[in-house]
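Accompanying notes for the structure given below.
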Amino acid sequence: MLNSPEPTRGVISAEPEPIELDWSKSALLIIDMQRDFLEPGGFGETLGNDVSQLSRAVKPIGAVLTAARDAGMLVIHTREGHLPDLSDAPRAKIERGAPSLRIGDAGPMGRILIRGEAGHDIIPELYPLDSEIVIDKPGKGAFYATELGEVLERYGIENLLVCGVTTEVCVNTTVREANDRGYRCVVISDGCASYFPEFHAMGLKMIKAQGGIFGWVASSAAVLEAMTSSTTLGATS
Ligand code: C5J
């Protein structure tokens with residue numbers, strides 16, 4: 001692929017239809033695989049969620065991450081979280097609901113959803129390499145109040161392979177933001193997860209419905225297959 005003289009294009013068997021991508025204009029975008037969402041004692045659990053629901057996405061993401069690294073594809077990780085003084089955290093976000101701990105409160109992995117705390121960090125299994133880009137975001141969407149747009153422009157990226165958590169919140173919000181900005185998003189179905197399996201299923205369905213109104217959905221196996229057996233079809237995406 002990128003690291004070889006082979007063609008740099010590949011066709012992913014996706015829904016609602018296959019999509020051909022130029023790998024040199026594609027990036028892997030891993031959304032919020034943080035301890036705060038996946039481990040007990042973090043933000044996700046304070047909201048009353050069963051955090052074990054998210055672990056199923058780790059292996060598929062790991063497989064695609066390894067392939068992307070081997071291929072020299074741009075890899076971007078995001079982390080949802082706030083500055084220690086909470087100046088970037090809307091009161092409406094902090095005050096809502098009745099969580100066991102609120103954003104900024106001290107928890108077993110440090111202050112909940114605060115940058116620099118242990119819980120805010122990415123899980124060890126998917127830890128970014130020094131060479132990879134990490135985007136800190138205060139919102140659910142990865143474009144809002146971040147440098148993501150400039151980074152993608154700088155690297156000439158047109159296509160995003162998107163995975164992470166949670167399917168219906170930060171993954172969906174980011175895909176919608178990306179779609180409006182003209183990016184082709186292929187969402188890796190088993191590389192996403194939700195605390196609510198029915199929201200995961202519906203979140204994917206919303207993306208690929210109506211001819212792919214927000215993007216495409218493909219399994220990690222289909223993405224890996226396309227990455228390892230690139231072909232050219234003459235399409236221009
Ligand atoms: C949530 C996220 N669910 N990363 N954040 O609050 O999806």
Side-chain angles (χ1 to χ4, degrees), residues 28-58 60-61 65 76-83 86 88-105 107 109-115 117-123 125-128 133-146 148 160-179 185 187-207 214-215 217:
L28 175 63
L29 181 60
I30 306 177
I31 304 290
D32 299 358
M33 291 300 285
Q34 296 162 253
R35 299 182 64 194
D36 251 323
F37 293 105
L38 283 110
E39 293 185 15
F43 179 63
E45 194 177 73
T46 68
L47 299 176
N49 295 307
D50 170 10
V51 294
S52 71
Q53 289 288 338
L54 303 191
S55 59
R56 68 191 70 185
V58 175
I61 296 175
L65 177 58
I76 302 173
H77 306 254
T78 71
R79 300 184 296 204
E80 180 180 346
H82 297 283
L83 296 168
L86 296 176
D88 61 351
R91 286 186 60 178
K93 182 175 180 181
I94 298 172
E95 292 174 354
R96 77 185 51 184
S100 56
L101 292 170
R102 290 191 188 277
I103 295 168
D105 287 350
M109 293 191 287
R111 294 177 68 201
I112 299 291
L113 217 59
I114 297 297
R115 293 183 193 177
E117 301 287 345
H120 178 261
D121 215 348
I122 291 173
I123 59 170
E125 299 94 315
L126 302 174
Y127 210 76
I133 293 168
V134 178
I135 302 279
D136 281 317
K137 62 187 188 59
K140 306 304 183 193
F143 287 84
Y144 167 67
T146 74
L148 179 59
L160 297 171
L161 303 176
V162 188
C163 54
V165 297
T166 62
T167 316
E168 79 282 11
V169 183
C170 290
V171 172
N172 246 270
T173 306
T174 297
V175 167
R176 289 166 191 232
E177 287 181 328
N179 180 60
C185 294
V187 178
I188 303 171
S189 52
D190 53 339
C192 298
S194 169
Y195 301 117
F196 309 95
E198 68 274 27
F199 290 176
H200 170 77
M202 208 47 79
L204 296 177
K205 219 169 174 179
M206 285 181 199
I207 288 165
F214 296 122
V217 175

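Whatever order the structure lists ligands and atoms in, that order sets their numbers, starting from 1.
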What is the minimum heavy-atom distance between [X] and [Y], and which atoms define it?
| X | Y | result |
| --- | --- | --- |
| Leu86 | Gly104 | CD2-CA, 4.4 Å |
| Cys170 | Lys137 | SG-NZ, 3.4 Å |
| Ile114 | Leu83 | CD1-O, 3.9 Å |
| Glu39 | Met109 | OE1-SD, 3.6 Å |

His82-Asp88 side chain donor-acceptor pair, cut-off 3.5 Å: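 Yes, a side-chain donor-acceptor pair sits under 3.5 Å.
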
From Asn179, Thr174, Thr173, Asn172, residue fulfilling side-chain hydrogen bond (donor to acceptor under 3.5 Å, both in side chains) relative to Arg176: Asn172

Could you check ligand 1 for N or O atoms lying under 3.5 Å from protein N or O atoms and list the pairs with distances?
unit_1, atom_1, unit_2, atom_2, d
ligand 1, 4 (N), Asp32, OD2, 2.8
ligand 1, 4 (N), Val165, O, 3.0
ligand 1, 5 (N), Glu80, OE1, 2.9
ligand 1, 6 (O), Lys140, NZ, 2.8
ligand 1, 7 (O), Thr166, N, 2.9
ligand 1, 7 (O), Thr166, OG1, 3.2
ligand 1, 7 (O), Cys170, N, 3.1

